[in-house]
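Order of the sequence lines fixes the chain letters, A, B, ..., with proteins taken first and strands second; residue numbering starts at 1 for each chain.
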Amino acid sequence: MPSISSIVFTIKSKNASFLYRLLIPIQKCRFSIATTFQSPLRFLPVSPSLQQVKQAHALIITAGLTNDSTITGHLLAALALSPSPTSSSFNYPLAVFRRIQNANIFATNNMIRCLAKSETPYDSVALYADMCRSSLLPKPNNYTFPFVLQACSKVLAIVEGFQIHAHIVRLGFAQDVYVRNALIHFYSACHRTESSRHIFDENSESRDVVTWNSILAAYARDGQMDLAETLFVEMPDKDVISWSTMIMGHVQGGLLEKGLECFREMRERGLRPNEAILVTILSASAQLGLLEQGRLVHKTIESLNFPMSVSLNTALIDMYAKCGCIDRSKEIFNKMAHKDVWSCNVMICGLAAHGLGKEALALFRWFTSEGFKPVNITFVGVLNACSRAGLVDDGRRYFKSMIEDYGIEPEMEHYGCMVDLLGRAGFIAEALELIEKITIKPDPVLWGTLLGACKIHGLVELGETIGKKLIELDPTHDGHYVLLASIYAKAKKWEDVSRVRRMMVDRGANKVAGWSLIEAEGKVHRFIAGDKEHERSPEIYQMLEVITKRLAESGYLPDISPILHDIQEEEKENVIKEHSERLAIAFGLLVTEVGGCIRIVKNLRVCGDCHEVSKMISKVFQREIIVRDGSRFHHFKGGNCSCLDFW
DNA sequence: CTAGGGTTAG
């Protein structure tokens with residue numbers, strides 16, 4: 001290693017930018033040695049650490065080159081590309097920039113770039129304004145605009161952006177691809193999608209992949225995926241960003257299947273996904289509960305030798321948890337060398353959803369002992385865990401601790417957890433008191449939760465009061481009618497049941513159609529109640545008969561209370577028998593290997609009778625059945641359920 | 001020296 005003085009000597013005797021050669025480790029270079037010797041700039045690593053930049057800076061100082069515009073410009077460029085924050089307490093790049101007496105355009109542009117990436121991007125716009133009016137600063141050129149527009153996009157400086165657009169036109173940079181791309185991005189960030197499109201259309205010659213990607217992103221941000229799709233098909237060459245823009249646009253817009261399909265198409269073309277795509281696709285698989293799809297993505301990650309980051313591991317943990325394999329989630333989580341708040345939150349929430357309240361709380365205790373700081377969502381998981389495990393005292397304690405020890409303002413979700421926890425455990429008065437204490441407008445969801453508690457505890461009168469109130473509040477929400485009806489049904493008040501049912505029909509409440517899905521033979525099979533569309537429908541109905549017969553032999557009597565009362569008794573039994581999850585289970589028994597696990601995903605909550613039947617099937621047919629319903633997991637095994645019939 | 005997506009939890 002040469003001494004500093006010899007380096008300085010070398011620099012002085014050769015040229016200033018030669019020092020990069022000495023500073024940057026060879027293995028971090030972007031290009032081969034042969035090309036790097038021709039251009040010293042290329043010795044910069046892709047994103048230098050702050051320490052590396054400071055080493056370079058130290059050498060610049062000792063070499064007496066702090067007034068050199070070009071070398072300082074390179075230093076500022078390195079700072080802009082550095083991943084570490086450079087402007088927390090004092091502005092390091094600005095201090096460097098101020099050392100130059102007559103900054104050239106190169107150094108000034110890089111200063112604008114640093115400010116645009118800083119925590120105060122508006123300063124970037126301010127410096128641009130200075131450039132325009134001060135004779136001490138150079139005039140903007142084509143490189144200036146992408147940087148300053150990036151700042152405008154970040155802080156949504158619409159008016160300033162408009163003015164800058166005018167400058168661009170006046171100074172004759174309106175045809176520059178980079179400038180145009182930056183403008184499209186700026187208008188998109190300000191939700192001026194039509195303006196983005198206008199710039200895109202203005203010049204069909206001056207376009208590159210980024211131009212196309214920018215307009216795709218503009219439409220995706222605006223939720224206009226149909227228009228994005230049209231352009232996506234039209235565009236000449238697509239890169240990985242084009243695909244990721246489309247995939248993420250679909251998934252974020254709720255078109256989960258579309259996102260998966262787009263991913264499949266990309267893979268068929270032999271393209272390598274990036275991390276954002278993989279995380280998004282795992283999230284889509286998780287939301288849909290498609291375990292096989294999720295597993296396929298996991299295998300893809302492995303076969304690509306993709307580097308496993310914390311976020312990718314977190315996405316996998318979440319996917320396995322939401323697809324019913326909480327054990328796989330635990331495995332991945334335990335193997336992770338580095339964990340963060342997010343991965344722990346996902347794990348805590350996953351454990352809670354699977355009814356593993358005690359494990360969730362144990363993890364939370366580990367989490368705090370490791371010095372992680374819990375956030376609002378952490379407590380949603382913790383309170384849910386308490387609720388599922390029936391740990392009322394712990395729940396009260398954690399709720400208090402959240403506010404007092406961690407200074408987290410409770411949100412509606414936290415109150416929801418508390419009302420659920422108290423109501424479920426029978427502390428109805430306390431739950432009521434809590435709802436009434438909340439000064440902000442009480443959420444119908446909270447009352448709905450309490451209504452659920454009334455159902456569990458058979459509180460007809462209170463349920464009636466709350467139910468009526470809720471129906472009045474939102475007559476189009478079908479869930480409230482259903483809950484109220486089932487409260488009446490539980491009390492065998494059949495007239496009231498049919499009255500509420502009729503009311504629901506008359507007022508045209510948006511009834512959400514219930515469905516259940518199961519993955520088998522590489523396909524997703526979705527059933528609705530009484531479904532006869534499936535190609536193996538006859539066999540499925542035969543299987544239902546077999547189930548009914550074998551359950552009857554072991555003493556099962558169907559509970560007809562949850563359904564319409566004004567139909568004949570036998571009919572009722574049939575309607576229940578053909579609930580979508582029953583069809584899915586019957587199909588599962590047909591197609592999965594003997595003794596294998598059956599996994600079902602439902603959009604609504606499991607009804608009491610289906611819950612009972614699932615338990616019985618798990619015993620009589622000796623099958624593990626895992627059902628993900630609208631709010632939690634049920635693991636049926638040997639005649640029991642993990643939710644302990646408490647849901 | 002220029003640009004684009006920035007994902008994941010309730």
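- Within residues 142-154 of chain A, the residues having any heavy atom under 4.0 Å from DNA chain B are, by residue number, A:N142, A:Y143, A:P146, A:F147, A:Q150.
- Counting to the nearest Å, the P atom of B:dG10 and the CZ atom of A:R388 are 12 Å from each other.
- With B:dT7, B:dA9, B:dG4 as the choices, the nucleotide that has an atom nearest any side-chain atom of A:E275 turns out to be B:dT7.
- When distances are taken from the side chain of A:T245 to each of B:dG5, B:dG10, B:dT8, the shortest belongs to B:dG5.
- Residues that satisfy the side-chain hydrogen bond (donor to acceptor under 3.5 Å, both in side chains) test with A:E359, not counting sequence neighbours, are A:K330.
- Annotation: side-chain hydrogen bond (donor to acceptor under 3.5 Å, both in side chains) contacts of A:R328 (sequence neighbours excluded): A:E331.
- Taking atom CG of residue A:L171 and atom P of nucleotide B:dT2, one finds them 21 Å apart after rounding to whole Å.
- One can place OH of A:Y320 at 19 Å from C1' of B:dA9, the figure rounded to the nearest angstrom.
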Residues A:L156, A:H191; criterion side chain to side chain contact (heavy atoms under 4.5 Å, CB included); working and verdict
CA-CA 9 Å; A:L156 304 181; A:H191 296 280; 5.9 Å; no
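- Judged as a salt bridge (charged side-chain N to carboxylate O under 4.0 Å, His left out), not a single pair has a partner in residues 342-357 of chain A (not counting sequence neighbours).
- Between A:Q252 and B:dG5 there is no side-chain N or O to OP1 or OP2 distance below 4.0 Å.
- Looking at A:R197 and A:Y219, their side chains do bring a donor and an acceptor atom within 3.5 Å of each other.
- The list of side-chain hydrogen bond (donor to acceptor under 3.5 Å, both in side chains) pairs with a residue in residues 370-383 of chain A, not counting sequence neighbours, reads A:N345-A:T378, A:N376-A:E411.
- Judged by distance alone with a 3.5 Å cut-off, a donor-acceptor contact links the side chain of A:D239 to the base of B:dG4.
- Looking at A:N384 and A:S387, their side chains never bring a donor and an acceptor atom within 3.5 Å of each other.
- Atom CE in A:M418 sits roughly 20 Å away from atom P in B:dG10 (whole-Å rounding).
- In this structure, A:L81 places its CG atom 11 Å from P of B:dC1, rounding to the nearest Å.
- Checked by atom type, the side-chain pair A:Y187/A:H198 shows no donor-acceptor distance below 3.5 Å.
- Separating the CZ atom of A:F232 from the C1' atom of B:dG5 is a distance of 13 Å, rounded to the nearest angstrom.
- Between A:W212 and A:F200, the ring center distance clears the sub-6.0 Å criterion.
- When distances are taken from the side chain of A:T280 to each of B:dC1, B:dT7, B:dG10, the shortest belongs to B:dT7.
- For A:S244, the listed nucleotide lying nearest its side chain is B:dG5; candidates were B:dG5, B:dG10, B:dC1.
- When every heavy atom of A:R180 is checked against every heavy atom of A:I199, the shortest pair comes out as NH1-O, 2.8 Å.
- By the side-chain hydrogen bond (donor to acceptor under 3.5 Å, both in side chains) test, A:D318 is found to be paired with A:K322, residues two or more places apart in sequence or in another chain being considered.
- Using a 4.0 Å cutoff on non-hydrogen atoms, the parts of residues 335-347 of chain A near DNA chain B are A:W342, A:N345, A:V346, ordered by number.
- Note on A:D318: only backbone sugar-phosphate atoms sit closer than 4.0 angstrom, heavy atoms only; bases stay farther off.
- Distance from the side chain of A:A276 is smallest to B:dG5 among B:dC1, B:dG5, B:dT8.
- In summary, of the residues considered (A:N109, A:I105, A:N102), a side-chain contact (heavy atoms from CB on, under 4.5 Å) with A:P138 occurs for A:I105 alone.
- Taking A:S283 as the reference, A:Q287 meet the side-chain hydrogen bond (donor to acceptor under 3.5 Å, both in side chains) condition, with sequence neighbours excluded.
- When heavy atoms are screened at a 4.0 angstrom cut-off, A:D176 is found touching no nucleic acid atom at all.
- Atom CE in A:M246 sits about 13 Å away from atom P in B:dG6, given to the nearest Å.
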Can you give me every donor-acceptor pair (side chain of residues 223-232 of chain A, partner residue at least two apart or in another chain, under 3.5 Å) with its distance?
| unit_1 | atom_1 | unit_2 | atom_2 | d |
| --- | --- | --- | --- | --- |
| A:Q224 | NE2 | A:D222 | OD2 | 2.7 |
| A:E229 | OE1 | A:K258 | NZ | 3.2 |
| A:T230 | OG1 | A:D226 | O | 2.9 |

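- With sequence neighbours excluded, the residues that form a side-chain contact (heavy atoms from CB on, under 4.5 Å) with A:I241 are A:N213, A:D239, A:T245.
- Residue A:N384 contributes atom CG, which lies 12 Å from atom C1' of B:dA9 at whole-angstrom precision.
- Less than 4.0 Å separates DNA chain B from at least one heavy atom of each of the following residues of residues 179-189 of chain A: A:N181, A:H185.
- Of the candidate nucleotides B:dC1, B:dG5, B:dG10, B:dG10 has the atom lying nearest to any side-chain atom of A:E413.
- Sorted by residue number, the members of residues 199-218 of chain A with any non-hydrogen atom under 4.0 Å from DNA chain B read A:D208, A:V210, A:N213, A:S214, A:A217.
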